[in-house]
Amino acid sequence: MILYPAIDLKDGNAVRLVHGDMDQTTVFNDDPAAQAKAFVAAGCEWLHLVDLNGAFAGEPVNAAPVEAILKACPVPAQLGGGIRDMATIERWLDKGLARVILGTVAVEDPDLVRAAAKAFPSQVAVGLDARNGRVATRGWAEETDVMVTDLAKSFEDAGIAAIIYTDIMRDGAMKGPNIDATADLARAVDIPVIASGGVSSMNDLTALKATGVISGAISGRALYDGAIDLSEALALLNE
């Protein structure tokens, strides 16, 4: 199971939100590239980046810190937030991003997701962010009637690289991930599923790994707060 350290970008800083609320922001590092290098030095194999401003604006906003991270770090990185057209997808991949994460457009323009996955094999992931099993879009500000499992199944034959499943009510709250819902989703589709939201302890990582069906986990606040030691976590997941 791969552990993806998260760097959430707001106004050029590395931050964490609580429940996706832009008004509940904690700044952890004003130099996101330095933070990324620290994660790489600890041994991480991937980085998970989110342009929070971009998710609300519908277009990239924190491009400068993302580009700085890509230049500074040799490990692959995936990015979500405000990526909603083919031109933006191409531009990010050309800049060295390993994988784009499409969230809002997975609901609003699923044909774009299919076209992108076909054009860029293994470089397109779908981000499914949910409250009570229903997908939320546009920086989690809008709730839909679309069920997570139904949307995931609709992309079964699209060739997407992964599904990143976030339980919004667990995100940033340090209360543990929704393991049952994540595992159920992973069993429902053949697409690799990455757990996000609330991954806050070594016990959480152990429990996610024990399901045998979850391919990765994203953690942010717990790594910044020291609740999870990155080197120890990587050793655990590589056992």
Side-chain angles (χ1 to χ4, degrees), residues 2-10 14 20 32-33 36 39-40 44-130 135-140 148 151-152 154-166 171 185 189 191-197 215-218 220:
I2 297 172
L3 179 59
Y4 298 76
I7 299 178
D8 290 0
L9 299 163
K10 180 183 180 218
F39 286 148
V40 172
C44 75
E45 301 167 41
W46 273 84
L47 291 168
H48 175 78
L49 314 177
V50 181
D51 182 349
L52 293 171
N53 302 101
F56 285 90
E59 61 185 14
V61 175
N62 287 285
V66 172
E67 290 179 27
I69 289 169
L70 294 178
K71 289 176 182 176
C73 298
V75 302
Q78 59 186 20
L79 170 70
I83 304 174
R84 298 183 190 164
D85 57 56
M86 192 66 85
T88 305
I89 293 167
E90 290 182 11
R91 187 161 66 248
W92 275 126
L93 295 177
D94 284 345
K95 287 182 181 293
L97 198 70
R99 187 187 288 164
V100 295
I101 303 166
L102 305 180
T104 294
V105 292
V107 176
E108 298 182 356
D109 190 0
D111 288 343
L112 173 63
V113 176
R114 293 176 176 279
K118 185 176 181 180
F120 305 105
S122 78
Q123 293 187 286
V124 176
V126 168
L128 299 182
D129 308 325
V135 178
T137 61
R138 299 187 174 270
W140 301 351
V148 166
L151 186 57
S154 74
F155 291 117
E156 192 80 81
D157 61 349
I160 63 174
I163 288 172
I164 296 161
Y165 173 68
T166 304
D171 190 71
L185 177 62
V189 295
I191 305 162
V193 172
I194 299 168
S196 176
S215 72
I218 293 165

* Structure fact -> Heavy-atom closest pair (Ser215 atom, Pro192 atom, distance to 0.1 Å) is OG-CB, 3.6 Å
* Rounded to the nearest 0.5 Å, what separation is found between the CD1 atom of Ile163 and the CD1 atom of Ile101? -> 12.5 Å
* Nearest heavy-atom neighbours spanning Leu52 and Lys10 -> CD1-CB, 4.2 Å
* Output yes when a side-chain donor or acceptor of Asp51 lies under 3.5 Å from a complementary backbone atom of Asn62, and no otherwise. => yes
* Asked: If we only count heavy atoms from C-beta on, is the Trp92 to Arg99 side-chain gap below 4.5 Å?
  -> no
* To do: Run the numbers on Val193 and Ile191 for side-chain contact (heavy atoms from CB on, under 4.5 Å), then give the verdict.
  => CA-CA 6 Å; Val193 172; Ile191 305 162; 5.6 Å; no
* **Flag, side chain of Ser196 to backbone of Tyr165, donor-acceptor distance under 3.5 Å** => no
* Okay, side chain of Arg114, backbone of Gly159: is any donor-acceptor separation there less than 3.5 Å? -> no
* Asked: Looking only at heavy atoms, what is the nearest atom pair of Leu93 and Gln123, with distance?
  -> CD2-NE2, 3.7 Å
* Hey, what do you get for SG (Cys73) to CG (Leu49), rounding to the nearest 0.5 Å? -> 8.5 Å
* To do: Can you label the angle between the Tyr4 ring and the His48 ring as parallel, tilted or perpendicular, going by 30° and 60°?
  => perpendicular
* **Exercise: identify the closest heavy-atom pair between Leu102 and Ile83** => CD2-O, 3.4 Å
* Asked: About how many Å separate OG1 of Thr166 and CD1 of Ile218, when rounded to the nearest 0.5 Å?
  -> 6.0 Å
* To do: Taking the side chain as every heavy atom from C-beta outward, state whether Val105 and Val113 have any pair of such atoms under 4.5 Å apart.
  => yes
* To do: Output the distance between atom CD1 (Ile69) and atom CD1 (Ile7), rounded to the nearest 0.5 Å.
  => 4.0 Å
* Structure fact -> Rounding to 0.5 Å, atoms CG (Leu112) and OG1 (Thr88) come to a distance of 9.5 Å
* **Note, Arg84 side chain near Thr104 side chain (heavy atom, < 4.5 Å)** => yes
* Minimum heavy-atom distance Ala77-Leu70, with the two atoms named -> CB-CD2, 4.0 Å
* Asked: To the nearest 0.5 Å, what is the distance between CG (Leu97) and CD (Glu67)?
  -> 10.5 Å
* Could you walk me through whether Val75 and Phe39 pass the side-chain contact (heavy atoms from CB on, under 4.5 Å) check? -> CA-CA 10 Å; Val75 302; Phe39 286 148; over 6 Å; no
* To do: Just do the side-chain contact (heavy atoms from CB on, under 4.5 Å) check on Gln78 and Ile164 with the steps written out, would you?
  => CA-CA 11 Å; Gln78 59 186 20; Ile164 296 161; 3.5 Å; yes
* Structure fact -> Shortest non-hydrogen pair, Val126 vs Ala106, comes out as CG1-CB, 3.8 Å
